[in-house]
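Notes to accompany the following structure.
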Amino acid sequence: MEKPIFFYHQYIAFLVIVCAAVSHGRPYSQPEPSYLKFVLNATEFPSEEYYDYIVVGGGTAGCPLAASLSESYRVLLLERGGVAHGNPNLMTQEGFLTTLTEVDTFDSPAQAFISEEGVPNARGRILGGSSAINAGFYSRADPDFFRKSGLDWDLRLVNQSYDWVEKAIVFRPDLRNWQSAVRDGFLEAGVNPYNGYSLDHLLGTKIGGSTFDVTGKRHSAADLLNYANAANIKVAIHASVERVVLASTSYSRSKITAIGVVFRDQRGQYHHAMLHEKGETLPLILGIPVAYHLPHVGLYLYDNPRNGVSFVPSIPLEHSLIQVVGITELGAYLEAASNVIPFTPPARSVFIRPASAPLYITVATLMEKIVGPLSTGLLRLASTDVRVNPIVRFNYFSHPIDVERCVNGTRKIGDVLRSRSMEEFMFREWFGARRFRFIGPALPVDQSDYVQMADFCRRTVSTIWHYHGGCVVGKVVDRDYHVNGIGALRVVDGSTFSVSPGTNPQATLMMMGRYE
Ligand SMILES: Cc1cc2nc3c(=O)[nH]c(=O)nc-3n(C[C@H](O)[C@H](O)[C@H](O)COP(=O)(O)OP(=O)(O)OC[C@H]3O[C@@H](n4cnc5c(N)ncnc54)[C@H](O)[C@@H]3O)c2cc1C
Ligand SMILES: *[C@@H]1O[C@H](CO)[C@@H](O)[C@H](O)[C@H]1NC(C)=O
Ligand SMILES: *[C@@H]1O[C@H](CO)[C@@H](O)[C@H](O)[C@H]1NC(C)=O
Ligand SMILES: *[C@@H]1O[C@H](CO)[C@@H](O)[C@H](O)[C@H]1NC(C)=O
């Protein structure tokens with residue numbers, strides 16, 4: 001049916017681009033998730049097809065967004081990676097480190113990249129995005145996140161959207177010896193009160209939600225596609241979006257509007273996914289390199305530094321990712337993990353290892369993430385090939401408040417290490433004293449010395465993978481997440497945040513996908 005052209009700008013056809021901020025487990029058998037019936041290999045798509053909405057990136061925000069839009073519109077979701085179902089490393093907590101270490105340049109589910117300051121990082125390249133490779137901890141944003149964002153959030157709708165996510169994929173974790181000791185240690189160190197199990201951001205110590213269920217199986221944003229209207233949605237995997245097709249509209253030649261995208265399948269074939277109601281559009285420019293100059297793209301990029309200590313405990317520990325969190329007023333959040341990792345003894349060691357029996361050691365970790373951060377970095381393209389990592393710089397601790405937050409947080413870790421709850425993990429020396437067997441740097445002995453603590457923060461910085469920004473609200477996108485100056489193009493994901501929401505971002509990213 002022909003639509004009169006003056007309806008063009010009101011036509012419900014936004015192109016939603018989800019441009020992410022930077023852009024050995026046990027066997028299991030699980031039934032196929034129902035969303036798989038509308039997931040297709042990109043090779044099976046026609047060379048041109050029309051939709052009401054096109055969502056680029058089947059990630060943490062992209063999946064709930066596409067599922068929600070499919071209730072009323074014809075939606076295409078384009079994901080460059082494959083599906084996690086059937087891959088035990090992705091589907092279990094035990095596979096977490098393997099996924100992050102077994103990486104290749106173009107195909108692995110984790111896309112590794114190293115910031116210019118030398119900090120290794122990763123992001124998801126799989127349906128579900130980074131929520132399909134992450135540590136699974138789930139906690140809602142701090143109330144300040146909504147108050148200070150400059151946007152008029154409808155908090156009732158925010159809560160309904162969180163509920164929608166939680167009903168489907170959030171579980172209460174079972175604490176075993178390490179996470180229980182961590183909870184007690186946080187409380188002894190004064191991170192009070194104890195709030196039990198809660199998904200809310202509450203001052204003190206709490207058990208948060210997990211996207212790993214009671215059987216240990218991961219659920220990710222991809223599972224939110226089970227909510228989709230199967231008649232209205234198609235999901236293409238191994239579909240790498242290379243360009244956004246822009247056009248100037250005939251009613252206003254100055255206004256540039258997105259009319260579709262070009263994606264490439266694994267055979268190297270190109271496909272066009274176009275928005276309905278082309279109206280009187282005039283193809284103008286095809287994507288990068290110079291489509292539209294927005295000076296703040298890639299600026300205001302942030303990564304929350306992670307600092308802490310790791311040690312080999314004197315008693316065996318379960319494998320655990322994050323389950324307990326300490327929310328302090330010190331500008332830092334405390335978290336912990338215990339990883340059972342394969343261990344290769346040095347060549348000349350005294351270990352005699354039968355070929356079939358690998359050695360494992362447990363490593364217990366206490367870490368802190370600073371609030372914010374305030375230090376800003378930047379992202380630049382290294383190539384117009386979308387598969388090539390961009391150049392990323394986070395400028396960790398370039399803002400003095402970030403240093404103070406880290407000093408506060410790492411001092412609190414010192415308090416936790418001195419708590420009674422941690423004693424059982426220390427080794428007894430021959431003369432009766434107890435000490436930790438640290439792996440990597442220990443905290444400075446004199447933790448009251450600010451300069452030494454600040455030096456520890458800088459020296460031991462790593463990432464908690466909560467990087468955000470690059471397309472922040474107010475600079476690149478407006479309050480409705482529309483890209484400034486371009487019609488029908490929106491960015492809905494972590495790249496729009498200028499602070500990290502709460503202790504861990506995935507809850508709020510999934511909420512946002514539903515909310516929008
Ligand atoms: C190792 C790790 C552990 C973490 N642990 C936790 C945790 O325990 N709790 C927590 O809350 N958060 C955690 N996070 C952070 C959280 O997972 C991320 O902040 C969040 O998932 C980011 O969501 P997003 O929607 O912005 O991007 P993503 O989920 O990364 O989605 C981006 C999607 O876009 C796709 N894509 C990119 N470019 C293209 C293209 N050109 N064409 C097609 N598709 C494309 C990607 O493949 C990906 O699927 C962790 C992150 C990592 C990496
Ligand atoms: C998608 O199609 C390509 C080309 O036929 C093939 O090589 C690839 O294995 C397919 N991938 C999946 C996940 O089916
Ligand atoms: C939203 O939920 C939070 C708890 O998560 C609650 O404190 C708040 O009052 C709720 N807000 C609204 C408007 O329902
Ligand atoms: C660090 O902790 C002190 C209390 O010990 C607090 O007064 C100060 O505000 C904290 N610093 C930051 C940057 O939050």
Side-chain angles (χ1 to χ4, degrees), residues 17-23 42 55-65 77-81 96-97 99-100 109-111 121-141 143 146 153-160 162-163 198-202 208-211 220-222 236-243 261 263-264 321-322 328-332 335 337 370-372 374 386-387 400-409 411-412 463-468 491-497 500-510 512-513:
I17 181 162
V18 177
C19 95
V22 194
S23 194
V55 179
V56 178
T60 311
C63 290
L65 180 64
L77 175 62
L78 295 164
E79 168 54 44
R80 63 183 174 159
F96 177 74
L97 288 176
T99 299
L100 291 181
Q111 174 190 13
N121 215 313
R123 66 172 189 154
R125 180 166 47 199
I126 186 96
L127 193 62
S130 302
S131 75
I133 65 163
N134 73 13
F137 189 72
Y138 181 99
S139 188
R140 294 184 178 194
F146 299 109
W153 291 92
D154 172 348
L155 292 177
R156 228 172 50 92
L157 189 57
V158 164
N159 282 1
Q160 283 168 7
Y162 276 128
D163 290 339
S198 176
L199 301 179
D200 291 336
H201 187 93
L202 305 169
S210 176
T211 52
S220 77
I237 51 168
H238 303 295
S240 198
V241 174
E242 298 208 341
R243 279 144 208 269
V261 300
F263 63 96
R264 195 156 104 129
L321 300 177
I322 299 155
T328 72
E329 283 177 308
L330 305 168
E335 300 185 350
I370 69 165
V371 170
L374 295 171
V386 294
R387 298 171 307 169
I401 299 273
D402 288 349
V403 181
E404 192 181 319
R405 287 169 172 163
C406 179
V407 169
N408 279 0
R411 278 180 179 155
K412 206 40 127 183
T463 180
I464 195 158
W465 306 283
H466 296 176
Y467 50 82
H468 52 279
V491 178
V492 180
D493 71 1
S495 64
T496 63
F497 293 164
S500 181
T503 64
N504 296 70
Q506 70 169 343
T508 303
L509 283 157
M510 294 189 226
M512 218 172 122

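Residue numbers start at 1 and run along the sequence shown. Indexing begins at 1, ligand by ligand and atom by atom, following the structure's order.
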> Considering only heavy atoms of Asp200, which atoms of ligand 3 have at least one such atom less than 4.0 Å away?
Replying inline: 4 (C), 5 (O)

>> Show me which atoms of ligand 1 lie under 4.0 Å from any heavy atom of Ala61.
In response: 25 (O)

> What atoms in ligand 3 come closer than 4.0 Å to a heavy atom of Arg140?
Replying inline: 2 (O), 5 (O)

Quick check for students: name every N or O atom pair between ligand 4 and the protein closer than 3.5 Å, with distances.
unit_1: ligand 4; atom_1: 2 (O); unit_2: Asn408; atom_2: OD1; d: 3.2
unit_1: ligand 4; atom_1: 2 (O); unit_2: Asn408; atom_2: ND2; d: 2.3
unit_1: ligand 4; atom_1: 11 (N); unit_2: Glu404; atom_2: OE2; d: 2.8
unit_1: ligand 4; atom_1: 11 (N); unit_2: Asn408; atom_2: ND2; d: 2.9
unit_1: ligand 4; atom_1: 14 (O); unit_2: Leu330; atom_2: O; d: 3.3

> Going through the distances and angles, do Leu100 and Trp465 end up as a side chain to side chain contact (heavy atoms under 4.5 Å, CB included)?
Replying inline: CA-CA 11 Å; Leu100 291 181; Trp465 306 283; 3.7 Å; yes

> Can you find a pair of side-chain heavy atoms, one from Leu199 and one from Tyr162, that are under 4.5 Å apart?
Replying inline: no

> If you look at every heavy atom in Glu335 and Ile464, which pair is closest and at what distance?
Replying inline: OE1-CD1, 3.7 Å

>> Heavy atom to atom 41 (N) of ligand 1, shortest distance: which of Thr508, Thr99, Val241, Val491 holds it?
In response: Val241

> Does Asn134, backbone or side chain, put an N or O under 3.5 Å from an N or O of ligand 1?
Replying inline: yes

> Which atoms of ligand 1 sit under 4.0 Å from any heavy atom of Ile126?
Replying inline: 47 (O), 49 (O)

> Which atoms from ligand 1 have a heavy atom of Gly59 less than 4.0 Å away?
Replying inline: 29 (O), 31 (O), 33 (C), 49 (O)

>> As an exercise, identify every atom of ligand 1 less than 4.0 angstrom from a heavy atom of Asp493.
In response: 25 (O), 26 (O)

> Heavy atom under 4.0 Å from ligand 1: found in Ala239's side chain, backbone, both, or neither?
Replying inline: backbone

> Any nitrogen or oxygen of Tyr467, main chain or side chain, under 3.5 Å from a nitrogen or oxygen of ligand 1?
Replying inline: no

>> Do Arg140 and His201 have side chains that approach each other closer than 4.5 Å (heavy atoms only, starting at C-beta)?
In response: no

>> Could you check whether any side-chain heavy atom of Tyr138 comes within less than 4.5 Å of a side-chain heavy atom of Asn504, counting everything from C-beta outward?
In response: no

> Should you measure from each heavy atom of Gly124, which atoms of ligand 1 turn up under 4.0 Å away?
Replying inline: 46 (C), 47 (O), 48 (C)

> Quick one: does His468's side chain have a donor or acceptor within less than 3.5 Å of a partner on His466's backbone?
Replying inline: yes

>> For Leu509, which part has a heavy atom under 4.0 Å from ligand 1: side chain, backbone, both, or neither?
In response: side chain

> So between Glu335, Gln506, Arg80, His466, whose heavy atom ends up nearest atom 14 (N) of ligand 1?
Replying inline: His466

Using a 3.5 Å cut-off and no angle test, enumerate the donor-acceptor pairs between side-chain atoms of residues 127-137 and protein atoms at least two apart in sequence or in another chain.
unit_1: Ser130; atom_1: OG; unit_2: Gly124; atom_2: N; d: 3.0
unit_1: Ser131; atom_1: OG; unit_2: Gly128; atom_2: O; d: 2.6
unit_1: Ser131; atom_1: OG; unit_2: Ala221; atom_2: N; d: 2.9
unit_1: Asn134; atom_1: OD1; unit_2: Gly136; atom_2: N; d: 2.8
unit_1: Asn134; atom_1: OD1; unit_2: Arg218; atom_2: NH1; d: 3.2
unit_1: Asn134; atom_1: ND2; unit_2: Gln506; atom_2: OE1; d: 2.8

> Would you say Val261 and Val56 make side-chain contact, with heavy atoms under 4.5 Å?
Replying inline: yes

> Leu77 and Gly62: which non-hydrogen atoms are nearest, and at how many Å?
Replying inline: CD1-O, 4.1 Å

> Taking the side chain as C-beta and beyond, is there a heavy-atom pair between Leu330 and Arg411 under 4.5 Å?
Replying inline: no

>> Please confirm whether Ala122 approaches ligand 1 to less than 4.0 Å, judged on its heavy atoms.
In response: yes

> Taking heavy atoms and a distance under 4.0 Å, where does Leu78 meet ligand 1: side chain, backbone, both or neither?
Replying inline: backbone

> Any side-chain heavy atom of Ser495 sitting closer than 4.5 Å to one from Val491?
Replying inline: yes

> Just which atoms of ligand 1 are under 4.0 Å from any heavy atom in Leu100?
Replying inline: 1 (C)

> Would you say the side chain of Thr60 lies within less than 4.5 Å of the side chain of Asp493, judging by non-hydrogen atoms?
Replying inline: no

> Taking side chain as C-beta onward, heavy atoms only, is Trp153 less than 4.5 Å from Met512?
Replying inline: yes

>> Please give me the minimum heavy-atom distance between Leu65 and Val492, naming the atom from each residue.
In response: CD2-CB, 4.2 Å

>> Taking 4.0 Å as the limit for heavy-atom contacts, which would you say applies to His468 with ligand 1: side chain only, backbone only, both, or neither?
In response: neither

> Under 4.0 Å from any heavy atom of Ser131, which atoms of ligand 1 are there?
Replying inline: 21 (O)

> When you look for heavy atoms under 4.0 Å from ligand 1, do you find them on the side chain of Ser130, its backbone, both, or neither?
Replying inline: both

> Looking only at distance, does Val386 have an N or O less than 3.5 Å from an N or O of ligand 1?
Replying inline: no

> Considering all heavy atoms of both residues, which atom of Ser240 and which atom of Val386 are nearest to each other, and what is their separation?
Replying inline: OG-CG2, 3.7 Å

> Does any donor atom in the side chain of Arg80 or Gln111 lie under 3.5 Å from an acceptor atom in the other side chain?
Replying inline: yes

> Can Gly136 be said to touch ligand 1, with heavy atoms closer than 4.0 Å?
Replying inline: yes

> Have Ser500 and Tyr467 got a donor and an acceptor in their side chains that come within less than 3.5 Å?
Replying inline: no

>> Suppose I only count heavy atoms of Gly58 and a 4.0 Å limit; which atoms of ligand 1 are within that range?
In response: 49 (O)

